[in-house]
Amino acid sequence: MLDPRLLRNELESTAEQLARRGFVLDVARLAELETRRKQLQVDLQELQNQRNSRSKEIGKAKAAGQDIQPLLEEVADLGDRLKQAQEDLSSVQQELSQISLGVPNLPQADVPQGEDESDNREERRWGDPPEFAFAPKDHVDLGSAPGWMDFEAAAKLTGSRFVVLSGPLARMHRALIQFMLDMHTTEHGYTEAYVPFMVNADSLYGTGQLPKFGADLFALQGEQEYYLIPTAEVPVTNLVRDVIVDDAYMPRKWVAHTPCFRSEAGSYGKDTRGMIRQHQFEKVELVQAVRPEDSEQALEDLTGHAEAVLQRLGLAYRVVTLCTSDLGFSSAKTYDLEVWLPGQGQYREISSCSNFRDFQARRLKARWRNPQTGKPELLHTLNGSGLAVGRTLVAVMENFQQADGSIRVPEALQPYLGGLQVLE
RNA sequence: GGAGAGAUGGCCGAGCGGCUGAAGGCGCUCCCCUGCUAAGGGAGUAUGGGUUAAAAGCCCAUCGAGGGUUCGAAUCCCUCUCUCUCCGCCA
């Protein structure tokens with residue numbers, strides 16, 4: 001959510017910034033609602049003030065043993081007027097909040113203007129895509145041949161866009177998770193968190209998945225309105241919801257491994273083959289809550305932490321800054337890490353690192369106490385995948401494949417596989 | 001799943017229809033006193049919002065959440081959520 005003051009006092013310039021990402025703000029409607037809100041709120045508060053002071057008079061008169069009947073008559077219609085004023089105000093407020101919940105974050109000034117992903121700006125590349133003396137296979141062929149990757153079985157158990165891994169591949173998948181968690185906790189200063197994989201609607205509003213993107217979520221049937229998490233960002237970032245963090249505890253840095261569940265309605269037909277786009281996948285997620293003045297640097301650091309995983313594994317990748325139209329709803333700036341996939345002959349997203357500035361924090365009421373002022377202020381939140389485990393597995397398979405279909409184990413990963421050097 | 005108890009400010013804890021945004025204590029901050037430490041005295045110490053160019057001031061809201069009764073609700077009624085205790089069941 002944007003600062004309501006922006007929508008009150010700097011409506012025009014806010015609309016211009018939103019237009020950069022292709023969002024049309026209904027300026028006239030907002031201005032009108034805002035004017036009404038102001039008047040209704042003043043009126044209501046005036047009535048409440050009257051009620052309070054009158055009630056106190058009645059209390060005093062009664063205590064003094066006076067006849068309160070005349071006083072009661074004076075306030076007879078106050079209740080009705082109050083009720084009416086409350087209804088008027090709350091209907092305007094409801095409409096205002098509905099609008100503002102649907103307004104995306106302002107893109108940071110250094111985010112490139114663009115129409116689609118082709119306008120994303122490449123920042124840097126690391127590593128060279130491997131050269132093969134044979135035609136490299138994709139992960140589906142590599143995994144299916146020895147029977148380690150079974151999409152048919154998953155389709156039987158559940159449906160399309162799921163996978164069953166077995167044997168050494170399942171083990172490597174698990175090893176990747178351990179490897180990433182260890183790196184981030186011991187080398188990058190994150191605190192490991194284990195969190196619920198189901199969350200309530202409040203949490204999804206807090207991080208911005210609701211109300212706009214409910215179609216992408218799996219909602220549970222049952223008495224409780226629970227949802228499967230689409231990313232660990234939701235439970236972990238919500239740790240600071242309704243919290244005022246003491247300065248001594250800033251910044252907060254968490255890493256969490258969770259499964260992620262996405263219904264991805266509307267994206268059918270895209271990446272139907274293989275493990276790239278699944279309804280269920282594992283992710284090791286980095287989340288930070290930082291002082292506002294630190295968030296831009298924190299995004300660079302966090303992105304570097306995700307990059308470090310790829311570097312340690314020896315996977316070639318590039319970093320792109322998402323252009324204005326590719327930016328996620330809540331994000332002010334996002335770097336995507338794209339890993340080289342020989343099976344596809346292109347770079348594919350494996351991590352997305354975003355600075356949300358105070359956008360999520362405002363919804364979350366996530367604050368810190370600024371020692372300069374002694375007052376609570378909204379903090380800034382960030383997150384990034386460090387990394388998407390399924391896609392990392394795919395990348396390792398395709399980049400480390402050998403002519404006979406076996407897969408070398410990256411050196412950094414070998415300790416996590418009991419010293420195993422090749423999957424065969 | 002069954003039975004009961006509870007939810008108040010940073011914490012503990014009163015209040016059970018009217019000058020209570022909330023006694024008292026602890027903690028914290030500042031000041032005074034005291035030749036160390038300790039003790040003592042005083043003041044302050046929630047959050048959001050409105051009004052304002054801003055501040056001060058004034059006003060409104062908030063005692064788990066939402067609704068209701070009332071001129072007036074932390075206090076009464078209803079619904080929900082969460083916590084604790086006992087029993088059952090279990091990983």
Side-chain angles (χ1 to χ4, degrees), chain A residues 1-11 13 30-31 33-97 99-101 194-206 210 220 222-227 235 238-250 252 358-379:
Chain A
M1 199 157 67
L2 296 179
D3 188 342
R5 272 176 291 245
L6 288 177
L7 298 179
R8 282 174 204 167
N9 308 329
E10 295 164 48
L11 196 49
S13 73
L30 268 172
L33 283 169
E34 184 49 38
T35 308
R36 281 176 55 201
R37 191 223 96 236
K38 205 176 228 174
Q39 190 54 49
L40 288 169
Q41 186 160 345
V42 170
D43 292 350
L44 173 65
Q45 291 191 352
E46 171 55 26
L47 282 171
Q48 286 173 324
N49 187 5
Q50 274 185 41
R51 178 202 60 195
N52 290 347
S53 53
R54 289 321 194 96
S55 292
K56 277 182 186 171
E57 283 172 27
I58 292 173
K60 276 188 216 165
K62 204 176 175 185
Q66 297 167 359
D67 180 16
I68 59 169
Q69 199 52 41
L71 288 169
L72 285 181
E73 280 162 20
E74 279 181 52
V75 295
D77 69 328
L78 206 55
D80 292 335
R81 287 164 61 198
L82 256 170
K83 199 165 185 179
Q84 187 59 49
Q86 249 149 12
E87 280 169 15
D88 292 347
L89 178 62
S90 83
S91 84
V92 170
Q93 275 176 330
Q94 234 169 43
E95 192 173 344
L96 271 171
S97 99
I99 292 175
S100 56
L101 279 174
Y194 170 80
V195 295
F197 303 155
M198 302 176 207
V199 293
N200 57 35
D202 284 345
S203 294
L204 289 158
Y205 275 97
L210 288 178
L220 271 62
E223 280 182 51
Q224 310 286 353
E225 191 192 357
Y226 289 161
Y227 299 80
N238 271 276
L239 288 172
V240 290
R241 169 148 58 95
D242 294 319
V243 168
I244 300 172
V245 182
D246 193 272
D247 185 60
Y249 294 101
M250 295 287 280
R252 310 300 318 265
D358 62 11
F359 188 86
Q360 290 182 328
R362 185 167 293 105
R363 293 178 169 217
L364 291 164
K365 296 189 190 67
R367 294 168 293 176
W368 69 300
R369 195 170 294 278
N370 186 342
Q372 307 280 298
T373 61
K375 294 289 176 194
E377 295 173 12
L378 293 174
L379 46 74

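The model shown is predicted, which means the values in this text are computed figures rather than measured ones. All values below were derived from every heavy atom in this structure, side-chain atoms included, with hydrogens, water molecules and symmetry-related copies excluded.
- When both pairing distances are held under 3.5 Å, B/G66 makes a Watson-Crick or G-U pair with B/C78.
- Spacing between B/C59 and B/C19 at atom P, rounded to whole Å, works out to 16 Å.
- Contact check, A/N52 against B/C59: no side-chain N or O comes under 4.0 Å of OP1 or OP2.
- With hydrogens and angles disregarded, a donor-acceptor distance shorter than 3.5 Å links the side chain of A/S100 to the backbone of A/S97.
- Base pairing of B/G40 is made with B/C32, judged by Watson-Crick or G-U wobble geometry with both donor-acceptor distances under 3.5 Å.
- A gap of 8 Å separates the P atoms of B/U75 and B/C63, to the nearest Å.
- Pairing for B/G4 goes to B/C84, judged as Watson-Crick or G-U wobble with the two contacts each under 3.5 Å.
- You'll find the side chain of A/R369 stays beyond 4.5 Å of the side chain of A/D247, heavy atoms only.
- Look at the P atom in both B/G13 and B/C89: the space between them is 34 Å, to the nearest Å.
- Regarding A/L47, its CG atom lies at a distance of 13 Å from the P atom of B/G72, rounded to whole Å.
- Put simply, A/N49 has a side-chain N or O that comes within less than 4.0 Å of OP1 or OP2 on B/C60.
- The A/R37 side chain lies nearest to B/G50 when the options are B/C60, B/C71, B/G50.
- For A/K56 against B/G18, no side-chain N or O and base N or O form a donor-acceptor pair under 3.5 Å.
- The interatomic distance linking A/D80 (CG) with B/U69 (P) rounds to 11 Å, in whole Å.
- Contact check, A/R369 against B/U45: no side-chain N or O comes under 4.0 Å of OP1 or OP2.
- A/R81 has no side-chain polar atom (N or O) that falls below the 4.0 Å cut-off from OP1 or OP2 of B/C71.
- Here the CZ-CG distance, from A/R8 to A/L30, works out to 11.0 Å after rounding to the nearest 0.5 Å.
- Heavy atoms of A/K38 sit under 4.0 angstrom from primed sugar atoms or phosphate atoms, though from no base atom.
- Across all strands shown, B/G17 has no partner, as no Watson-Crick or G-U wobble contact with both distances under 3.5 Å is found.
- Of the residues near RNA chain B, A/G79 and A/K60, the one whose nearest nucleotide (by heavy atom distance) lies more toward the 5' end is A/K60.
- Which of B/U47, B/A61, B/C71 sits closest to the side chain of A/S55 comes down to B/C71.
- Residue A/R51 places at least one side-chain N or O closer than 4.0 Å to OP1 or OP2 of B/A61.
- Between the C1' atoms of B/G6 and B/U47, the separation comes to 25 Å (whole Å).
- Across B/A23 and B/G44, the matching P atoms stand 12 Å from one another, rounded to whole Å.
- Among the nucleotides B/A61, B/C71, B/G48, the one closest to the side chain of A/R367 is B/G48.
- On the P atoms, B/U20 is 33 Å away from B/U79, given to the nearest whole Å.
- We find that CD of A/Q86 is positioned 14 Å from C1' of B/U62, with the value rounded to whole Å.
- If you take atom C1' in B/G50 and the same atom in B/A56, they sit 16 Å apart, rounded to whole Å.
- Applying the Watson-Crick and G-U wobble criteria (two distances, each under 3.5 Å), B/C26 pairs with B/G10.
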